[in-house]
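Structure record follows, encoded as structure tokens.
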Amino acid sequence: MVILLVYSQSYAGEEPDRIVITRDEIERMNLRRITDVLDQLPGVKATDSSITVRGSSNVKVLLDGRPINDPISGGVEYGDDSSGGVIIITTRKVEAFHGNLEIYAGNLGTESYSLNCSTNKGPVGIGMSGGYEVTDGHRPNDDEEKWRAAGKLQYAVGRNVKLMLSADYSRGRGGLPGSENYPTPRSRKKAEMFSSVLSAAIKGVKSTTHFNRSETSNIDPDKSLDTSTRITKAGEEISIPISIEGWGKISFGGGFEWSRATGKQFSTQQENEYWIFAAKSFSSETLPLTLTTGVRSSFYSEFGEVVNPEIMARWDKEVYAVQCSWTRTNNTPSFRKRYNETSSTKPNPDLTMEKADNFNLSFIYQPNDKFLASVSPFYSQVTDRITYVRDEEGIGRYENFGKVTYKGMEFSFDWKVLSSFSLKAHYMYLEAKDENTGYWLPLKAKHRVGMDLICTPREDIAIMLNSKYVSRRYSRSNNTGAVSEYCVADFRCEYSLRGVAVFCEIKNMFDKYYFYSEGYPAAPRTWIVGVNYEF
């Protein structure tokens with residue numbers, strides 16, 4: 001598996017606006033879940049229910065090209081709802097026969113079983129995986145149970161022909177405990193999702209066809225609530241590099257997406273989106289300078305037409321690089337935000353599109369292969385921002401606000417102190433305000449600090465200590481309440497011998513009591529022990 005975080009959505013952008021975590025680094029971190037790996041990326045906060053980058057929740061997560069975090073479909077390349085960034089997860093290329101079986105268990109009734117295997121014959125590769133997880137949770141009615149199955153089929157002939165079909169099915173059920181002040185002890189949820197993508201790359205022409213279907217249901221007899229929402233999406237995108245005399249190579253592309261939502265509590269909704277885009281890079285023959293420009297035009301049957309330009313300049317030297325970019329993006333409100341209803345959230349069908357101008361400046365310094373540091377100031381101005389607002393009775397819904405700004409700076413470094421010891425750290429300062437009222441946005445921390453210590457005293461032993469600090473946050477849009485600051489630490493270790501690895505993990509190892517949101521306490525100390533067998 002390889003994970004790529006894209007801060008600016010342009011074709012030619014590489015470091016420092018892109019951060020790559022390789023398979024070797026993931027294995028060295030000794031992390032068991034994708035959300036744990038994403039949490040190691042600078043500026044990223046990942047949980048089972050949400051992902052934010054630099055304070056923005058408008059983040060698109062792609063697994064082998066298919067959206068996996070309730071896809072909505074900016075940026076020239078990745079479309080709307082990606083102004084916060086894009087996280088691209090690429091699974092291992094199917095080569096010789098290999099796989100792994102992993103089992104672990106822990107407190108709070110936690111159990112997990114997963115199996116992955118793949119093989120190939122000539123140009124054809126096949127991969128399959130499956131898993132099951134269950135936990136009692138740390139609060140009443142906080143239990144959860146999940147099943148997952150996935151498959152991948154690939155065909156490659158040299159470098160000119162590559163085809164891949166992948167699909168993923170998951171379903172789960174569990175409780176929704178609500179906040180401490182407004183508990184919902186009998187609120188239950190069910191979720192089912194199927195996603196698939198067929199990608200093709202033939203002599204520079206790239207095509208992606210996707211189909212996704214998800215269904216959720218919520219029941220709460222105490223509130224006479226019985227709702228369901230089914231969302232179906234299908235679409236196609238194609239990109240073609242074309243050489244034009246006097247201009248060189250230009251990337252052109254376009255696509256469409258059809259989507260429909262049905263449910264018990266609202267009438268059937270059907271929407272369409274069409275888009276075209278173009279991007280071009282210019283390189284200087286005398287200076288280490290690259291300029292990239294692009295534009296994307298999108299038409300929405302529900303929200304009208306938008307045109308989003310972008311421009312990026314990059315200066316490369318031997319030990320440092322500087323990059324600056326400006327992108328105009330838009331984020332459409334999802335079907336779920338407009339029509340889905342739960343015990344704690346009301347729908348708002350009147351939500352409109354939000355638009356943003358994003359400015360990023362990045363400096364990176366890498367004198368050798370043992371040290372890398374970067375500093376990235378950023379600024380975004382959002383119009384009609386979509387924000388979750390909770391009333392005095394603990395019930396909330398998504399609403400549009402006038403004008404909001406995000407500004408701040410991010411600093412990170414990765415230092416391999418010794419061959420067996422490395423240190424990674426990041427700090428983010430963020431100001432997030434509603435310009436109309438002057439109030440700070442709820443649940444946006446001004447300071448976030450993270451530090452990872454990774455020690456491998458022997459090739460068969462890996463130890464990792466992770467700590468993070470989050471400053472005080474306002475809990476309401478009028479800044480009348482606050483969620484206290486917290487500092488927590490996690491510990492992981494693993495011992496490997498002849499393809500068998502025994503591991504343990506402790507989260508919140510000092511058993512801190514804190515809230516990640518007003519009325520929603522985080523889990524106490526949790527631990528797991530397990531074994532992973534590779535074959």
Side-chain angles (χ1 to χ4, degrees), residues 1 3 5 19 21 24-53 87 102-112 114 133-139 142 144 412-417 420-428 445 447-457 461-471 473 483-496 501-517 520-532:
M1 179 186 294
I3 295 180
L5 169 61
I19 294 177
I21 300 182
D24 291 340
E25 290 177 308
I26 294 173
E27 291 180 348
R28 186 162 58 95
M29 289 178 185
N30 184 28
L31 299 175
R32 320 315 309 176
R33 298 160 59 91
I34 289 180
T35 52
D36 293 333
V37 180
L38 296 180
D39 250 348
Q40 309 308 309
L41 291 165
V44 176
K45 183 179 184 298
T47 68
D48 289 337
S49 58
S50 67
I51 296 176
T52 62
V53 176
I87 296 173
E102 181 179 272
I103 301 173
Y104 66 78
N107 64 336
L108 304 180
T110 300
E111 296 179 31
S112 176
S114 64
E133 293 180 49
V134 64
T135 182
D136 293 337
H138 68 284
R139 300 176 57 199
D142 192 33
E144 192 167 24
S412 65
F413 73 85
D414 190 339
W415 182 22
K416 193 172 184 179
V417 184
S420 61
F421 181 78
S422 60
L423 171 65
K424 299 177 67 174
H426 62 267
Y427 163 73
M428 186 178 72
H447 305 283
R448 289 183 180 271
V449 183
M451 182 174 295
D452 303 320
L453 302 175
I454 304 172
C455 181
T456 53
I461 296 177
I463 302 170
M464 181 177 178
L465 178 65
N466 167 259
S467 61
K468 61 181 177 181
Y469 165 81
V470 178
S471 64
R473 294 139 289 149
V483 181
S484 299
E485 63 182 3
Y486 67 86
C487 182
V488 295
D490 304 330
F491 172 81
R492 305 175 182 89
C493 68
E494 180 175 300
Y495 173 71
S496 303
V502 180
F503 60 88
C504 71
E505 176 182 302
I506 305 174
K507 287 194 171 184
N508 191 6
M509 59 187 298
F510 298 110
D511 203 20
K512 294 283 188 177
Y513 182 74
Y514 67 96
F515 292 83
Y516 61 87
S517 180
Y520 291 88
R525 181 191 297 119
T526 60
W527 56 266
I528 60 171
V529 293
V531 60
N532 181 65

*Measure the shortest side-chain to side-chain distance between Leu465 and Met509 over non-hydrogen atoms and say whether it is less than 4.5 angstrom.*
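Heavy-atom side-chain distance check passes, below 4.5 Å.
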*Report yes if the side chains of Arg139 and Pro521 come closer than 4.5 Å at any heavy-atom pair, otherwise no.*
yes
On a heavy-atom basis, which atom in [X] and which in [Y] lie closest, and how many Å separate them?
{"X": "Ala523", "Y": "Asn508", "value": "O-ND2, 3.1 Å"}
{"X": "Trp527", "Y": "Ala105", "value": "CZ3-O, 4.0 Å"}
{"X": "His138", "Y": "Pro524", "value": "CB-CD, 3.5 Å"}
{"X": "Phe503", "Y": "Ile103", "value": "CZ-O, 4.3 Å"}
{"X": "Phe510", "Y": "Ala489", "value": "CE1-CB, 3.9 Å"}
{"X": "Ala445", "Y": "Val470", "value": "CB-CG1, 3.6 Å"}

*Start with the C-alpha distance between Asn466 and Phe491, add both sets of side-chain angles, then the distance that settles side chain to side chain contact (heavy atoms under 4.5 Å, CB included), and finish with yes or no.*
CA-CA 6 Å; Asn466 167 259; Phe491 172 81; over 6 Å; no
_Which residue is it: Thr135, Asp136, Thr526, Ile528? I am looking for the one with a side-chain contact (heavy atoms from CB on, under 4.5 Å) to Asn107._
Thr526
[atom1]-[atom2] distance between [X] and [Y], expressed to the nearest 0.5 angstrom:
{"X": "Ile454", "Y": "Ser420", "atom1": "CD1", "atom2": "OG", "value": "12.0 Å"}
{"X": "His426", "Y": "Met451", "atom1": "NE2", "atom2": "CE", "value": "10.0 Å"}
{"X": "Arg492", "Y": "Cys504", "atom1": "CZ", "atom2": "SG", "value": "11.0 Å"}
{"X": "Thr110", "Y": "Glu144", "atom1": "OG1", "atom2": "CD", "value": "10.5 Å"}
{"X": "Met464", "Y": "Cys455", "atom1": "CE", "atom2": "SG", "value": "12.5 Å"}
{"X": "Glu102", "Y": "Asn532", "atom1": "CD", "atom2": "CG", "value": "5.0 Å"}

*Taking it one step at a time, do Lys468 and Val488 satisfy side chain to side chain contact (heavy atoms under 4.5 Å, CB included)?*
CA-CA 6 Å; Lys468 61 181 177 181; Val488 295; 3.7 Å; yes
*Between Phe421 and Leu453, is a side chain to side chain contact (heavy atoms under 4.5 Å, CB included) present by the stated rule, with each step listed?*
CA-CA 7 Å; Phe421 181 78; Leu453 302 175; 4.0 Å; yes
*Please walk me through it: do Arg525 and Ile506 pass side chain to side chain contact (heavy atoms under 4.5 Å, CB included)?*
CA-CA 7 Å; Arg525 181 191 297 119; Ile506 305 174; 3.9 Å; yes
_Distance-only donor-acceptor check, side chains Tyr469 and His447, under 3.5 Å_ =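 His447 and Tyr469 do not have a side-chain donor-acceptor pair below 3.5 Å.
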_Parallel, tilted or perpendicular, judged at 30° and 60°: which one describes the rings of Phe515 and Tyr513?_
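The arrangement is perpendicular - the two ring planes meet at more than 60°.
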